[in-house]
Amino acid sequence: MIKKIIAILFMVLVSLLVVMGVKEYKAVREDNELKEQNKPEEKDEIIIWYSYEEYGEYLKYVADTYKTASGIDVVIKYISASEQGDMIDAIAEANGNAGQMPDLYITNSQNLEELYLLGLCKENTNNKVNEDNYSKAALESITYKDKYYAYPLGFEMSAFVYNKKYVTSVPSTFDDIKLYAENFNDLGENDSSEESGEETNAGTEEGTETEEIVDYSVVEDIIVWDANNMKSNYGFIGKYIDFKGTYSAKDEEIDVDEEKFSSAILYYKELYDYFSLESKATGTEEENYQQIVSDFSEGKIVFTILNIKSLKELDGLGVEYGVCPLPQLSSTLGTCPLSETDIVVVNPYSSDVTRAEEFASYLTFNISFKLYDITGLLPAKKMKTYDNDALMEIANEYAYSTGFPKLIRLSDYWLKIENLFKSVNAATTETIIPDEGAEDEEIIIDNSAVEEIISDFLVNLN
């Protein structure tokens, strides 16, 4: 009863905060509209702001090509969050200074509702932004109240990677990976028999190719990923959480298939324990990624989950790897990876909105084919060709991925997800093995601690 009262009070408090927040946004929006009435004369340059360092070189390249094509200078300004404060606050403040305000800027799609409420994003009516040129995920990233308010630029997401030397059949489920692990010793024994000269299926006559002998003894882990990283973990539950997507008044709650969500978390915990992930990836996020990339490139890991930028590093390490869709958990439980899309937003208070829109389209549409080469991020725009099959596979996976929610009231959602996985990882499960000769000889896993964590999470989710 006490828990229910606390939950009700919490919901009332959140509702009050949302109402107060909307009033505050309305005041800022009215102030911005007043500024728009006093716009300066048109200028002969475009100012773009960004706060994600990886876009620096790409922006310089695009600015040079745009200057050559149009004769218009592009001024690029990096905004450091630690020095300048939040990007959105900086833009709102700069809009009061005609000589400093950005014409457009790069931000993350999860900021879209706040930008809309502040009146800092102009509607995108460019006819190139359609389903022919952009995937569902890309279009969803710029949608608020059923309209487009930005231009999709690039995306990052987790990729399921495997070493082609060890894997001849791509797994479709994590059950397949567990079966691979169970039979791994047999693979090593077969390799030893071939090395000792026993007959194999490979040809040995002159003029025929012999099958390459694979040294399975190098392998230390079947699968490793950073289980402390929420983005890497999210795919295990992503299929059973829905944010609706239209961001209209009816989208008041997160839609969760509680039964399958719970089953997915329990399966994740089973994998975590089965592959001893507690002892892996124990450093910072950057240290973990570097260690996993290094071990994978040296053949110590068969399967892993990495971000797209890590693949560019693998390309330079000489390892022959493949990328496939994130495997389903089992024949009855699915997965859906998380993607993070960066967007280009046109400032409606720009002195030359038309030119800003033209450059936004040029940046995200015309030249986006150079994005991966320069940044290691894939363009949100569909490409006719990709440098390799791995990138094409990721682009296909992105099309149906889950994006970050854009509602302000869900700003703490990721903290809840992160805490969920931390708690599940730390939870103790007990394996109950029946006595010899018992009537029921089935091994039972006591998941009561994990089930309690799941229950508390679902109660406090919305």
Side-chain angles (χ1 to χ4, degrees), residues 29 32-33 35-52 55 58-77 79 87-88 90-92 94-95 98-109 111-134 138-155 341-371 379-382 406:
R29 189 186 187 100
N32 283 332
E33 289 172 351
K35 292 172 184 175
E36 185 180 17
Q37 299 173 9
N38 301 304
K39 283 183 182 179
E41 296 180 359
E42 292 185 3
K43 52 188 179 180
D44 58 359
E45 65 180 20
I46 296 172
I47 300 176
I48 182 168
W49 284 10
Y50 74 106
S51 58
Y52 309 134
Y55 287 113
Y58 177 69
L59 289 173
K60 290 177 184 177
Y61 173 83
V62 177
D64 288 343
T65 58
Y66 187 73
K67 173 69 180 292
T68 301
S70 67
I72 304 299
D73 287 318
V74 178
V75 177
I76 303 167
K77 184 174 181 179
I79 302 296
M87 165 76 94
I88 297 174
I91 293 169
N95 279 351
Q100 295 183 8
M101 73 169 69
D103 297 290
L104 63 168
Y105 53 94
I106 299 173
T107 188
N108 192 277
S109 65
N111 296 323
L112 198 56
E113 182 178 62
E114 185 172 6
L115 294 170
Y116 174 85
L117 293 174
L118 288 170
L120 295 178
C121 55
K122 185 181 182 303
E123 183 182 349
N124 178 2
T125 57
N126 191 310
N127 58 16
K128 293 178 182 177
V129 181
N130 55 47
E131 293 180 356
D132 290 334
N133 295 320
Y134 293 93
L139 294 176
E140 179 60 32
S141 73
I142 59 170
T143 300
Y144 186 79
K145 292 186 179 294
D146 298 321
K147 293 183 179 180
Y148 301 145
Y149 285 97
Y151 299 73
L153 175 58
F155 70 91
T341 305
D342 294 324
I343 58 178
V344 175
V345 183
V346 171
N347 187 349
Y349 308 105
S350 164
S351 61
D352 193 341
V353 167
T354 300
R355 188 172 291 168
E357 289 176 324
E358 178 188 86
F359 182 69
S361 180
Y362 186 82
L363 177 70
T364 59
F365 188 88
N366 299 71
I367 307 294
S368 61
F369 66 91
K370 293 291 293 184
L371 189 64
K381 175 183 174 291
K382 293 178 182 177
K406 299 186 279 280

### Task
Taking side-chain hydrogen bond (donor to acceptor under 3.5 Å, both in side chains) as the test, write out the residues that go with Ser109, two or more places apart.
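Not a single residue meets the side-chain hydrogen bond (donor to acceptor under 3.5 Å, both in side chains) criterion with Ser109.
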### Query
Given Phe369 and Lys381, is the side-chain contact (heavy atoms from CB on, under 4.5 Å) satisfied, shown in steps?
CA-CA 9 Å; Phe369 66 91; Lys381 175 183 174 291; over 6 Å; no
Report yes if the side chains of [X] and [Y] come closer than 4.5 Å at any heavy-atom pair, otherwise no.
| X | Y | result |
| --- | --- | --- |
| Thr65 | Asn366 | no |
| Tyr116 | Lys406 | no |
| Val62 | Val74 | no |
| Ile88 | Glu114 | yes |
| Leu59 | Ile106 | yes |
| Asn347 | Asp103 | no |
| Tyr134 | Phe365 | yes |
| Phe359 | Val344 | no |

### Task
Walk me through it: do Asp73 and Asp44 pass the test side-chain contact (heavy atoms from CB on, under 4.5 Å)?
CA-CA 7 Å; Asp73 287 318; Asp44 58 359; over 6 Å; no
Can you measure from [atom1] ([X]) to [atom2] ([Y]) and round to the nearest 0.5 angstrom?
| X | Y | atom1 | atom2 | answer |
| --- | --- | --- | --- | --- |
| Leu104 | Lys122 | CG | NZ | 12.5 Å |
| Asn124 | Asn126 | CG | CG | 5.5 Å |
| Ile343 | Asn108 | CD1 | CG | 7.0 Å |
| Thr125 | Tyr148 | OG1 | OH | 12.0 Å |
| Gln100 | Lys77 | CD | NZ | 5.5 Å |
| Ser70 | Tyr362 | OG | OH | 8.0 Å |

What pair of heavy atoms forms the shortest contact from [X] to [Y], and how long is it?
| X | Y | value |
| --- | --- | --- |
| Tyr105 | Leu115 | OH-CD2, 3.3 Å |
| Pro348 | Val353 | O-CG2, 3.8 Å |
| Thr364 | Pro152 | CB-O, 3.3 Å |
| Leu363 | Leu153 | O-CD1, 4.0 Å |
| Ala360 | Val346 | CB-CG2, 4.0 Å |
| Asn133 | Lys128 | ND2-O, 2.8 Å |

### Ring centre gap for Tyr50 and Tyr55 strictly below 6.0 Å
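Not under 6.0 Å, so no.
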### Message
List the residues meeting salt bridge (charged side-chain N to carboxylate O under 4.0 Å, His left out) with Asp64, not counting sequence neighbours, and say none if there are none.
### Response
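For Asp64, no residue satisfies salt bridge (charged side-chain N to carboxylate O under 4.0 Å, His left out) once neighbours in sequence are set aside.
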### Query
Going by an N to O cut-off under 4.0 Å, is there a salt bridge joining Lys382 and Glu131?
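Looking at Glu131 together with Lys382, the answer is no, because their closest N to O distance does not fall below 4.0 Å.
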### Task
Measure from NZ or CZ of Lys370 to the centre of the six-membered ring of Tyr61, then state whether that distance is under 6.0 Å and the direction lies within 45° of the axis.
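Yes, a cation-pi geometry holds between Lys370 and Tyr61.
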### Query
Do other residues, nucleotides or ligands put more than 12 heavy atoms under 6.0 Å from Lys60 NZ?
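No, not enclosed.
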### Query
Can you check side-chain contact (heavy atoms from CB on, under 4.5 Å) on Val345 and Ile91, steps first, answer last?
CA-CA 11 Å; Val345 183; Ile91 293 169; over 6 Å; no
### Task
Using side-chain contact (heavy atoms from CB on, under 4.5 Å) as the criterion, list what pairs up with Glu358, not counting sequence neighbours.
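side-chain contact (heavy atoms from CB on, under 4.5 Å) check on Glu358 returns Tyr66.
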